[in-house]
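Shown next, in structure tokens, is the structure this report addresses.
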Amino acid sequence: MAEESENGQEKTEQPTPKRLQDAKKKGQIPRSRELTTTLLMLFAALGMLMFGGYMGEGIVGLLEWSFQPGREEIFDPKEPIARVHEALGRGLLIVAPFAGLMMLVALIGPVALGGWTFSAQPMIPKPEKMNPVKGIKRIFGPKALIELAKGIAKILVVGSVAALFFYLFQQELRSLALAPLQSAMAHAIELFFIAFFILAASLIVVVAVDVPYQLWDHQKKLRMTRQEVKDEFKQTEGKPEVKGKIRQLQREAAQRRMMEKVPEADVVVTNPTHYSVALQYDQLKMRAPRVIALGKDQVALRIREIASENGIPLFEAPPLARALYHTTDIDQEIPAGLYMAVAQVLAYIYQLRAARGGQGEAPRRPAPDIPEEFRPYADKGAPDSGASER
């Protein structure tokens with residue numbers, strides 16, 4: 001059965017990335033004390049095996065030096081304090097490699113599962129933690145029973161491995177009593193390190209169960225109700241009506257920018273009423289004519305109005321207007337297949353402009369030919385046909 005929230009809704013949904021991130025900021029991350037303890041014990045055993053000889057020789061040498069002062073040093077009242085300080089310094093140097101290794105593992109162990117995070121929120125006093133009823137529930141709750149089960153499992157695992165170790169090494173342990181003192185001590189220390197490492201390694205069985213459980217328990221605690229998922233989506237993505245308003249404002253802003261470019265056009269190809277496409281061409285800067293504005297219905301009407309106000313010629317060619325509208329976008333060059341048709345229109349506009357300036361005769365109006373591959377686009381939309389100049 002799914003866990004219920006305070007308002008009675010079931011927490012059936014997996015935590016979202018935002019929920020996990022917010023929990024991490026609050027210091028709520030998966031942790032496994034068994035993993036940290038096992039790593040410390042394993043590396044302590046390895047450290048003893050790696051640095052045990054060095055530390056043993058160093059400690060013996062330090063003790064010999066400490067208990068063999070010279071005659072002058074014995075009668076010097078300042079010498080004992082100086083020797084204590086020097087002994088502490090030498091002792092720290094002897095244990096420094098092992099202590100450094102353990103400090104490193106103590107830092108890495110806790111963050112090996114949930115990663116590194118720092119938050120002061122867990123230190124803030126919370127009234128619910130002082131509630132004795134909730135405290136009793138925690139003591140006798142499911143989590144306490146699980147911790148008890150883990151403790152019993154550790155005792156059984158470590159106890160079984162220890163019993164097996166004593167059984168396998170019983171002959172060597174008995175032989176220590178008959179061996180010379182120095183060799184017996186060396187062999188006993190070696191057996192101790194081996195036993196310590198084996199017992200620490202046996203805890204890997206507990207860690208293999210505890211780590212998946214901690215990950216599952218962390219996910220379970222952060223589960224969400226469907227309403228919480230919806231509320232979070234609204235907070236992060238915005239309410240649908242707000243998003244719709246934002247998109248509308250963005251479209252209006254884009255249309256305003258587009259309309260501002262219409263006076264820069266060389267010609268506006270129209271449908272004549274349903275579509276309008278404003279074209280610009282600068283042979284020194286552009287490889288091909290470019291669409292600087294386009295639209296249909298009310299937008300097309302506004303493009304024609306701005307063009308008329310600024311003296312931009314309108315050229316009615318329904319198939320070409322529809323083909324341009326359906327195959328291009330703003331600030332995009334026209335398709336190569338429409339080069340010839342648009343070139344005819346631009347040439348006509350330039351010649352007409354020159355004729356009106358008294359430089360030549362009025363040109364004959366062209367009928368732009370639309371290639372077959374653009375016919376499906378040219379036939380889309382408006383019911384009108386033919387071509388006439390406006």
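Remember, it's a predicted structure, so these values are computed and weren't measured experimentally.
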Go through the steps to decide whether Leu107 and Leu104 satisfy the test side chain to side chain contact (heavy atoms under 4.5 Å, CB included), and finish with yes or no. CA-CA 5 Å; Leu107 290 173; Leu104 182 63; 5.5 Å; no
Under 6.0 Å between ring centres, would you say that holds for Tyr275 and Tyr325? yes
I need the minimum non-hydrogen distance between Leu199 and Val161, along with the two atoms involved. CD2-CG1, 3.9 Å
Are more than 12 heavy atoms from other residues, nucleotides or ligands located less than 6.0 Å from atom CG of Leu148? yes
Close side-chain approach of His274 to Lys296, heavy-atom, < 4.5 Å: no
If you draw a 6.0 Å radius around CD in Gln283, do more than 12 non-hydrogen atoms from other residues or ligands fall strictly inside? no
Show, in sequence, the C-alpha distance, side-chain angles and deciding distance for Ile146 and Tyr213, and conclude whether the side chain to side chain contact (heavy atoms under 4.5 Å, CB included) test is met. CA-CA 10 Å; Ile146 291 173; Tyr213 166 75; 2.9 Å; yes
Hey, are the side chains of Phe43 and Leu101 touching, using non-hydrogen atoms and a 4.5 Å cut-off? yes
Shortest non-hydrogen pair, Gly337 vs Phe374, comes out as CA-CE1, 3.6 Å
Roughly how far, to the nearest 0.5 Å, is the CZ atom of Arg290 from the CG atom of Asp266? 12.5 Å
Taking a hydrophobic cluster as the set of Ile, Leu, Val, Met, Phe, Trp and Tyr residues connected by side-chain heavy atoms closer than 4.5 Å, whether directly or through intermediates, do Val84 and Leu92 fall within one such cluster? no
Using a strict 4.0 Å threshold on nitrogen-to-oxygen distance, state whether Lys261 and Asp331 make a salt bridge. yes
Please tell me whether Leu178 and Phe169 are part of a single hydrophobic cluster in this structure, the criterion being side-chain heavy atoms less than 4.5 Å apart. no
To the nearest 0.5 Å, tell me how far Thr270 OG1 sits from Leu314 CG. 6.0 Å
Quick one: pull up CG in Asp217 and NZ in Lys221 and give me the separation to the nearest 0.5 Å. 4.5 Å
Side chain to side chain contact (heavy atoms under 4.5 Å, CB included) between Met41 and Leu203: does it pass, once the steps are laid out? CA-CA 9 Å; Met41 292 183 66; Leu203 291 176; 3.6 Å; yes
Please answer: with hydrophobic residues joined when any side-chain heavy atoms are less than 4.5 Å apart, are Val267 and Val291 in the same cluster? yes
Gln170 side chain vs Tyr167 backbone, donor-acceptor pair below 3.5 Å: yes
Look at Arg90 together with Glu86 and state whether they make a salt bridge at an N to O cut-off of under 4.0 Å. yes
Look at the side-chain heavy atoms of Ile, Leu, Val, Met, Phe, Trp and Tyr, link any pair under 4.5 Å apart, and say whether Leu93 and Val95 land in one connected group. no
Report whether Phe166 and Leu156 are members of the same hydrophobic cluster (ILVMFWY, side-chain heavy atoms less than 4.5 Å apart, transitive linking). no
Is it possible for you to check whether Arg287 lies under 6.0 Å from the centre of the six-membered ring of Tyr281, through NZ or CZ, and within 45° of that ring's axis? no
If you look at every heavy atom in Met258 and Ile292, which pair is closest and at what distance? CG-O, 3.6 Å
Side chains of Met224 and Gln14 in contact at under 4.5 Å (non-hydrogen atoms): no
Would you mind reporting whether Leu42 and Ile204 have side-chain heavy atoms less than 4.5 Å apart? yes
Leu279 side chain reached by Val277 side chain, heavy atoms, under 4.5 Å: yes
Sub-4.5 Å side-chain heavy-atom contact between Leu346 and Pro289: yes
Shortest non-hydrogen separation from Glu333 to Tyr339 and the atoms involved: OE1-OH, 4.5 Å
Using a strict threshold of under 4.0 Å (side-chain N to carboxylate O), is an ion pair present between Arg302 and Glu305? yes
Are there over 12 heavy-atom neighbours, none belonging to Met340, within less than 6.0 Å of that residue's CE? no
Donor-acceptor pair, side chain of Asp282 and main chain of Leu284, under 3.5 angstrom: yes
If you measure from CD1 on Ile198 to OG on Ser202, what distance do you get to the nearest 0.5 Å? 9.0 Å
Would you check if Ile306 and Pro263 make a side-chain contact, meaning some heavy-atom pair closer than 4.5 Å? yes
Exceeds 12 heavy-atom contacts within 6.0 angstrom, atom CD of Glu309: yes
What's the verdict on side chain to side chain contact (heavy atoms under 4.5 Å, CB included) for Leu320 and Val345, showing C-alpha distance, side-chain angles and the deciding distance? CA-CA 10 Å; Leu320 178 59; Val345 173; 3.8 Å; yes
Under a 4.5 Å cut-off applied to non-hydrogen side-chain atoms, are Phe315 and Arg365 in contact? yes
On a heavy-atom basis, which atom in Pro313 and which in Ile349 lie closest, and how many Å separate them? CG-CG2, 3.6 Å
Could you pull out the closest heavy-atom pair between Ala293 and Val262, with the gap in Å? CB-CG2, 3.8 Å
Here the gap from Asp297 atom CG to Ser276 atom OG, rounded to the nearest 0.5 Å, amounts to 10.0 Å
Within a radius of less than 6.0 Å around CZ of Arg33, do more than 12 heavy atoms belonging to other residues, nucleotides or ligands occur? no
Would you give the length of the straight line joining atom CZ of Arg364 to atom CG of Leu352, rounded to the nearest 0.5 angstrom? 14.5 Å
